[in-house]
Amino acid sequence: VQLQASGGGLVQAGGSLRLSCAVSGRPFMVLLVGWFRQAPGKEREFVAALRRGGVTDVGGSTYFADSVKGRFTSSRDSANNIQHLEMNSVKPEDTAVYYCAADDGGTSDYSRDSEYDYWGQGTQVTVSS
């Protein structure tokens, strides 16, 4: 499984940005895709996760960190195996390198980065005040 994150850039506070994570290789094995971020001098932290609702992609669940809840949303383009992270009302504290990660083992602990098996290369998001 390979992951390719894209969509980062410079955005003003209060603006919006959409990140994308393309999953290739054996995307049908990926049950959970998560987003994490790491700001300079800080540890990597959980941002959001989307769990597939089985092979038919019906249902499923999304999870968000408290710091982004109500501002960020997540969606899945099943036909192209791409997961999006919509970042709205961004704040300077959202500045970080954002990583997407995938799990094919069915973990229930979606917020722990050690539970994920595959990682993308990261994309920089910078929010100016």
Give the minimum heavy-atom separation between [X] and [Y], together with the two atoms involved.
X    : Y    : answer
A96  : A39  : CB-N, 3.8 Å
D103 : T107 : OD2-N, 3.0 Å
Q83  : S74  : NE2-OG, 2.9 Å

[X]-[Y] co-clustered via ILVMFWY side chain contacts under 4.5 Å:
X   : Y   : value
V33 : F64 : no
V97 : V11 : no
Y99 : L3  : no
V23 : L32 : no
L85 : V90 : yes

Under the ring pair (Phe, Tyr, Trp, His ring centres under 6.0 Å) rule, collect the residues that match up with [X], sequence neighbours excluded.
X    : result
Y116 : F36
Y110 : F46, Y63
Y118 : none

Partner residues of [X] under the side-chain contact (heavy atoms from CB on, under 4.5 Å) criterion, sequence neighbours left out:
X    : result
T123 : A5, L19, Y98
R18  : S20, H84, E86
S89  : R71
S24  : Q2

Check: Any side-chain heavy-atom pair from V68 and M87 closer than 4.5 angstrom?
Finding: no
Item checked: Pairwise side-chain contact, L10 with S128, heavy-atom cut-off 4.5 Å (strictly under) -> yes
Notebook entry, point to check: Between atom CD1 of I82 and atom OG of S75, what is the distance when rounded to the nearest 0.5 Å?
Noted result: 10.0 Å
Item checked: Straight-line distance of L50 CG to C100 SG, nearest 0.5 Å -> 12.5 Å
Margin query: Quick check against the 3.5 Å criterion: does T95 have a side-chain atom that pairs as donor or acceptor with the backbone of V127?
Written below: yes
Checklist line | side chain to side chain donor-acceptor pair (under 3.5 Å) contacts in which one or both residues fall within residues 4-16, not counting sequence neighbours | finding: S16-N88
Taking salt bridge (charged side-chain N to carboxylate O under 4.0 Å, His left out) as the cut-off, I'd like each qualifying pair that reaches into [range], sequence neighbours left out, listed once.
range            : value
residues 27-39   : R37-E45, R37-D94
residues 116-127 : none
residues 27-36   : none

Note to self: Run the salt bridge (Lys or Arg N to Asp or Glu O under 4.0 Å) test against D113 and tell me which residues pass, sequence neighbours left out.
What the structure shows: R44
